[in-house]
Amino acid sequence: MSGSININVHDPTAPTPQNTPLTHAPIAAGLSRPTVPDISEDAEPAEDAEDDEVSPSAMQSAMLGLVQGKLAGLLGRSSGYIESLPVEVKRSVEALKGVQVKQNELQNQYKRECLELEKKYSELQKPLYERRRAIITGEAKPTPEEIKAGEDQEKKEDDEYTPLPAATGENDTAAIPEFWLTALRNHPALSEMITDRDADALRSLFDISITYLPPKETKPGFKILFHFKPNDYFKNEVLEKTYLYQEEVGYEGDFVYDRAIGTTIEWNEDKDLTKTFEIKKQRNKNTNRTRLVRKAKPTESFFNFFSPPTPPSEETIESGDIEEDELEAIEDQLEVDYQIGEDLKEKIIPRAVDYFTGKALEYEGYDDDEDFDDLDDDEDDDEDGFDDDDDSDDDVPARRRGPPKRGGASDNVNPEECKQQ
């Protein structure tokens, strides 16, 4: 079983399989309230206790912490309560499980139909997304009606908004430079991923779109497509990231991510932004000769987004072939990857202009302290007898990322407006 435990010292909980004594006390009787001597039995006695004054709030906090610590160790262990029930009652419990199976089937059906509804409205929005792309790239000129609708919306939200002056040329179109690069940089987690080297490649990004996987696929999911103009870095016109859901909804009744699949980027020569190159001087241990070797090392880059971590299989986890620390690191990376995919799908793509202007930051509460672990470095030892010469002055250090660039967000945030979003 999994889940959180809420403990109220002044409101003892009813017996559960995790905290029930072996006695056959009725559920209504509850648990006896812990006493101070019982809770503090593991604590060291304080010297000069008579001279120390302990506030009631401090005592309550200490009691609560000790209770939580003791009960946490009981999670997953049977107290004997269920086992002690008569067989007739046990059969009723099994029947409840059978009823819940049908509930779960309906929840699965409900979520599937919700996903189909999502697809329907995504298709209805496609013409609007295409219109947005045409305005961003300068392929189409905004209509007076579109401009007025945007200005009217601004007036509703800002009483001091001043309408824009009339255009200087009737037939001119104005592309919006670095639209998607700016929008992505105004998302805190993505801003941390985008290095200065990435920015030049992302200036050729002219659209981000989403499609849903067809019903014939075994697993439901969606695909995010990054559309690029020809650039000096890679040959791909579109970079894709596919997110797959598990077939069954999770315990809380929502779809659970299964895994993510990224595009293989066809980098031009010496343009791989996910690597840096160092010139290392190596010395042969036998002949004492030296040579210069160019070595690639993984580095931070937004484009690592298209090489997501692979979830370990159940067999690998159960066999113990993967260390616990390594497993936790992969789980953290997967959690960040899934969250970014969800934000692209639910926030950035549908509200791209708000991210471009920074307005989205006024309404969204972000945690920009996500950790993005560096990839492991390549081994430095060479198999032909050469070792890296640590005293070499010819090493070329990897270019480091500068501070994240953000902008467009106003400091004047209305808390009531935030609650409404």
Side-chain angles (χ1 to χ4, degrees), residues 136-137 177-209 223-243 260-280 292-310 329-330 332-334 336-341 343-344 348-349 352 355-356 368 370-380 394-407:
I136 291 172
T137 59
E178 301 183 10
F179 178 89
W180 285 104
L181 171 59
T182 305
L184 294 177
R185 272 183 159 165
N186 275 336
H187 182 281
L190 286 169
S191 176
E192 291 293 327
M193 296 170 60
I194 298 173
T195 69
D196 290 339
R197 300 196 317 152
D198 297 328
D200 190 41
L202 288 172
R203 288 187 178 95
S204 62
L205 176 64
F206 67 89
D207 194 23
I208 304 178
S209 61
K223 184 180 297 186
I224 299 174
L225 301 93
F226 295 74
H227 304 263
F228 288 87
K229 296 177 181 178
N231 61 80
D232 296 333
Y233 293 91
F234 44 81
K235 300 179 177 64
N236 311 66
E237 294 182 359
V238 179
L239 298 181
E240 300 179 354
K241 184 72 172 285
T242 302
Y243 286 93
I261 305 169
T263 296
T264 300
I265 303 178
E266 301 176 21
W267 296 103
N268 293 328
E269 186 176 1
D270 293 337
K271 292 293 185 178
D272 189 341
L273 296 172
T274 65
K275 297 177 182 178
T276 56
F277 296 92
E278 294 182 349
I279 304 299
K280 304 286 290 185
L292 297 179
V293 178
R294 185 170 179 265
K295 289 201 169 189
K297 296 181 66 175
T299 189
E300 292 181 352
S301 172
F302 165 80
F303 292 94
N304 288 322
F305 177 69
F306 299 98
S307 299
T310 303
I330 293 175
D332 290 343
Q333 292 171 5
L334 287 169
V336 171
D337 184 67
Y338 295 154
Q339 186 59 59
I340 289 176
D343 282 0
L344 284 164
I348 298 176
I349 293 178
Y355 280 89
F356 174 76
D368 57 358
E370 300 286 2
D371 295 327
F372 295 89
D373 297 331
D374 294 335
L375 297 174
D376 293 335
D377 294 339
D378 292 336
E379 293 292 336
D380 289 332
D394 299 328
D395 292 354
V396 180
R399 192 181 308 174
R400 298 188 63 81
R401 170 172 53 85
K405 298 177 181 177
R406 303 175 189 171

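These numbers come from the heavy atoms of this one structure, side chains and all, not from hydrogens, waters or symmetry mates.
Summarising the geometry, atom CZ belonging to Arg185 is positioned 11.5 Å from atom CD belonging to Glu192; distances are rounded to the nearest 0.5 Å. The distance from atom CD1 of Ile194 to atom CG of Leu181, rounded to the nearest 0.5 Å, is 6.0 Å. Once rounded to the nearest 0.5 Å, the distance linking OG of Ser301 with CE of Met193 reads 8.0 Å. Distance check: Arg203 CZ to Lys229 NZ gives 13.0 Å after rounding to the nearest 0.5 Å. Between the CZ atom in Phe305 and the CG atom in Leu344 there is a gap of 5.5 Å [rounded to 0.5 Å]. Note that OG1 of Thr274 and CZ of Arg197 are 8.5 Å apart. Values are rounded to the nearest 0.5 Å.
When atom types are taken as modelled, the side chain of Asn268 and the backbone of Asp232 share a donor-acceptor pair closer than 3.5 angstrom. Judged purely by atom type and a 3.5 angstrom limit, Asp198 uses its side chain to pair as donor or acceptor with the backbone of Thr195. The closest donor-acceptor contact from the side chain of Ser191 to the backbone of His187 lies at 3.5 Å or more, if one exists at all.
Using a 3.5 Å distance cut-off with no hydrogens or angles, the side chains of Ser307 and Asn304 do not pair a donor with an acceptor. Side-chain atoms of Asp207 and Ser209 include no donor-acceptor pair closer than 3.5 Å. For the residue pair Gln333 / Asp337, no side-chain donor-acceptor distance below 3.5 Å is found, with atom types taken as modelled.
Taking 4.5 Å as the limit, every side-chain heavy atom of His227 sits out of range of all side-chain heavy atoms of Leu239. Between Phe206 and Ile136 the shortest side-chain heavy-atom distance does not fall below 4.5 Å. The shortest distance between side-chain heavy atoms of Tyr243 and Ile224 falls below 4.5 Å. Inter-residue side-chain proximity for Pro308 and Lys241 is flagged as met; some heavy-atom pair is nearer than 4.5 Å. In this structure, Glu278 and Lys297 have side chains that are in contact, with non-hydrogen atoms separated by less than 4.5 Å.
Judged as a ring pair (Phe, Tyr, Trp, His ring centres under 6.0 Å), and not counting sequence neighbours, Tyr233 has no contacts. Among residues two or more places apart in sequence or in another chain, the salt bridge (charged side-chain N to carboxylate O under 4.0 Å, His left out) test is passed with Glu240 by Lys223.
Atom CD of Glu237 has 12 or fewer neighbouring heavy atoms from other residues, nucleotides or ligands inside a 6.0 Å radius.
If you look at Phe356 and Trp180, their ring centroids are not closer than 6.0 Å.
Ring pair Phe226/Phe228 is parallel by interplanar angle, where below 30° counts as parallel and above 60° as perpendicular. Between Phe303 and Trp267, the angle of the ring planes goes over 60°, which puts this pair in the perpendicular group of the 30/60° scheme.
Screening Leu184, Ile348, Ile349 for a side chain to side chain contact (heavy atoms under 4.5 Å, CB included) with Tyr355, the sole residue that qualifies is Ile348.
Heavy atoms only, all atoms of each residue included: Ala183 and Ala352 are closest at CB-O, 4.1 Å. Taking every heavy atom of both residues into account, Ala201 and Ser204 meet most closely at O-OG, 2.7 Å.
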